[in-house]
Amino acid sequence: MAEDNTSFSEFMDLDLDTRTCNGVRQEKQLSASQRRGYSLCRRKSFAGFVASKRNSGQEEGDYSWCCCAQTFREHSAIHKHVARTHDPEIQRLTQDAYQCLLNQLEEEAETQQLNECEAEPVDISAWIPDTRHISEEQLQKGPGKVLLYYRYCQIEDPHVICAWQRALCEKLHLTGKVRVATEGINGTVGGTNMATDAYIDATRSHPLFKMEKDDFKTSDGGAECFKDLRVGVYKEIVPMGMDPDVVSYQLAGAHLEPEEFHKEVEALLAKADENNDTILLDCRNFYESKIGQFTQCLAPSIRKFSYFPDYVDQNLDLFRDKKVLMYCTGGIRCERGSAYLRSKDVCKEVYQLKGGIHRYLEQFPEGFYRGKLFVFDERYAISSNKDIISECRYCGSPWDRYQLCSTRFCCQLVLSCPGCRQDGRTACCPACQTKGQNQSQASGPHHKEECECTEGRPRIPQDA
């Protein structure tokens, strides 16, 4: 596909412009470049499936294939059988292959964006604070914290902000992730208390953002909570897969302070046995809500926030004439998520929790949110109460501490208790465990791939 000179954004538009029907992509809605990429993945998936049915140990030119207890001795016959009988499997393999392609392109695009950010020749010295009163030891050693923040605002030249943020974080020895776009900035960084305080002051002093100190959510941690520093320019500051010019944060639902949200949830729970017209909606991914959520919420089993628009589209009747209370980790996903839901014009009212779960737990650590709060760093979760609402993948005992799947090529998270881990059950599913054992001697570069354990979960769940 390199000869097409196709950009990453064109391919990623699959997730923002394509809708699914029972898990099948409607290719007619894709651009020409996207169709070529998707068709290539389908051809490869089809060929791979046919090849897996070929009988081994045959002489050159004497081929046969065995499938569904039948033997086929001609290419046309096995191809016709697979096309007629195994189309669902081919579709699934194609979607997995295409998603892997998108993941690879995303990594390449991030690297390119970071390089562009580094190469931008701008004078940012006026926005870099004077830290001569702070020793290097204070910036690198001692108690620390992790910051979480975002600000939607119009940024004319995001590459300038990107270069400034990178220089600022490097000077303060911060690690983490910062996304910059024309629609604003979204970041989570870790460092010492002295360094993070200096970062807050510097970011607040920039005339674009007009932020208050309260806009920065904090938790115990430090630079060790992130592997490195990644600052880049993107189309969206949170990847929902919708053009910000089409679905803007300015269309977001009304913000409720934690106290107001708490009262709404309290009222909802009080009417639990009645025919309620209110939905408490978790906008996060399934692995986040698995270890912590609000009591009696609707938590869609989606793997990425970019699937949220499809989820709404395929479950519109669920929201029709309902009052919706939305929440997420820090509030940013609700900004765009509530805007998209409101654009469908089916809900009676749409509200969102201001500051997200993070702010709610500061005021109501023993409130209606139970379990841990998932965070996107090496900690994986932070807690405010002792409830454990999830269980070990293998033995079913209460457990809520994620670790990465031990299989070399897998990027899934697994809940495996100490006892099961000691027994060697460290993969996210039995199939992946077997795959990991078979690849234990493999070498070469690491490439993300979809885990086999995701096959049983539909990409877009039908909850209506």
Side-chain angles (χ1 to χ4, degrees), residues 110 113-114 117-118 124 127-129 131 134-151 161-180 184-206 209 211-234 237-239 284-285 287-288 291-292 328-333 355-362 365 372-384 400-404 411 413:
E110 286 182 357
Q113 289 164 341
L114 293 175
C117 180
E118 292 172 347
I124 55 175
W127 303 332
I128 302 297
T131 59
I134 308 174
S135 68
E136 284 295 302
E137 184 174 358
Q138 289 175 309
L139 290 176
Q140 298 185 59
K141 296 180 181 180
K145 54 180 173 263
V146 171
L147 305 179
L148 178 67
Y149 73 94
Y150 71 91
R151 172 62 68 184
I161 300 300
C162 173
W164 161 59
Q165 278 287 311
R166 172 168 290 279
L168 175 62
C169 290
E170 288 177 345
K171 181 168 185 177
L172 298 174
H173 300 283
L174 301 179
T175 58
K177 308 167 189 175
V178 180
R179 296 175 67 100
V180 185
I185 186 172
N186 174 25
T188 177
V189 295
T192 65
N193 289 334
M194 191 71 75
T196 50
D197 286 345
Y199 178 84
I200 291 174
D201 291 340
T203 303
R204 287 184 60 206
S205 67
H206 197 287
F209 301 126
M211 299 178 72
E212 300 295 333
K213 194 168 184 177
D214 194 50
D215 291 323
F216 294 83
K217 306 162 191 74
T218 65
S219 57
D220 294 337
E224 69 279 3
C225 293
F226 300 92
K227 293 181 179 179
D228 53 20
L229 173 66
R230 299 179 69 87
V231 185
V233 175
Y234 301 83
I237 59 174
V238 61
R284 301 172 301 158
N285 305 321
Y287 52 85
E288 298 175 76
I291 63 171
C328 60
T329 305
I332 187 171
R333 280 178 279 187
I357 305 166
H358 213 297
R359 277 283 180 258
Y360 178 86
L361 290 178
E362 290 177 3
K372 285 185 169 60
L373 171 60
F374 185 93
V375 290
F376 290 91
D377 58 52
E378 297 299 300
R379 299 171 299 173
Y380 292 125
I382 56 179
S383 61
S384 66
D400 60 6
R401 298 181 185 178
Y402 276 123
Q403 292 193 48
L404 278 175
C411 56
L413 292 170

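Computed from heavy atoms alone, side chains included, the values below leave out hydrogens, waters and symmetry copies.
One distance of note links CZ of Phe216 with CE of Met211; it measures 3.5 Å at 0.5 Å rounding. The CZ atom of Arg179 sits 7.5 Å away from atom CG of Asn186, with the distance rounded to the nearest 0.5 Å. Arg284 CZ to Cys328 SG: the interatomic distance, rounded to the nearest 0.5 Å, is 8.5 Å. Annotation: the span from Glu288 atom CD to Leu373 atom CG amounts to 8.5 Å, rounded to 0.5 Å. For the atom pair CD1 of Ile332 and OG1 of Thr188, the computed distance is 11.0 Å after rounding to the nearest 0.5 Å.
Using a 4.5 Å heavy-atom cutoff, the side chains of Asn285 and Arg333 are in contact.
Closest non-hydrogen pair, Val189 versus Cys169, comes out as CG1-SG, 4.3 Å. Taking both residues in full, the closest heavy atoms of Thr192 and Gly142 are given as CG2-O, 4.2 Å, listed atom of the first, atom of the second, then distance. The minimum heavy-atom distance linking Val146 with Gly222 is given by the pair CG2-N, 3.8 Å. Summarising the geometry of Trp164 relative to Thr203, their closest heavy-atom pair is CH2-CA, 3.9 Å, with the distance given to 0.1 Å. Residue Ala381 comes nearest to Ile291 through the heavy atom pair CB-CD1, 3.9 Å, listed as atom of the first residue, atom of the second, then distance.
Atom CG of Asp201 has more than 12 heavy atoms from other residues, nucleotides or ligands within 6.0 Å. Enclosure of atom CZ in Arg401 is not indicated, since only 12 or fewer non-hydrogen atoms of other residues, nucleotides or ligands lie within 6.0 angstrom.
Remark: Ala223 pairs with Thr175 by the side-chain contact (heavy atoms from CB on, under 4.5 Å) rule, at least two apart or across chains. Gln140 is linked by a side-chain contact (heavy atoms from CB on, under 4.5 Å) to Glu136, His173, counting only residues two or more places apart in sequence or in another chain. Listed by chain and residue number, His206 satisfy the ring-ring contact (aromatic ring centres under 6.0 Å, His included) test with Phe209 (two or more places apart in sequence, or in another chain). In terms of the side chain to side chain donor-acceptor pair (under 3.5 Å) criterion, residue partners of Ser135 (sequence neighbours excluded) are, by chain and number, Gln138. In this structure Tyr199 satisfies the side chain to side chain donor-acceptor pair (under 3.5 Å) test together with Tyr149, Gln165, sequence neighbours excluded. Not counting sequence neighbours, the partners of Pro129 by the side-chain contact (heavy atoms from CB on, under 4.5 Å) test are Thr131, Leu168, Ala202.
Counting only N and O atoms by type, the side chains of Ser219 and Arg379 include a donor and acceptor under 3.5 Å apart.
Classification of Asp197 and Lys145 as a salt-bridged pair holds, one side-chain N sitting under 4.0 Å from a carboxylate O. With salt bridges taken as basic N to acidic carboxylate O contacts below 4.0 Å, one links Asp214 and Arg359.
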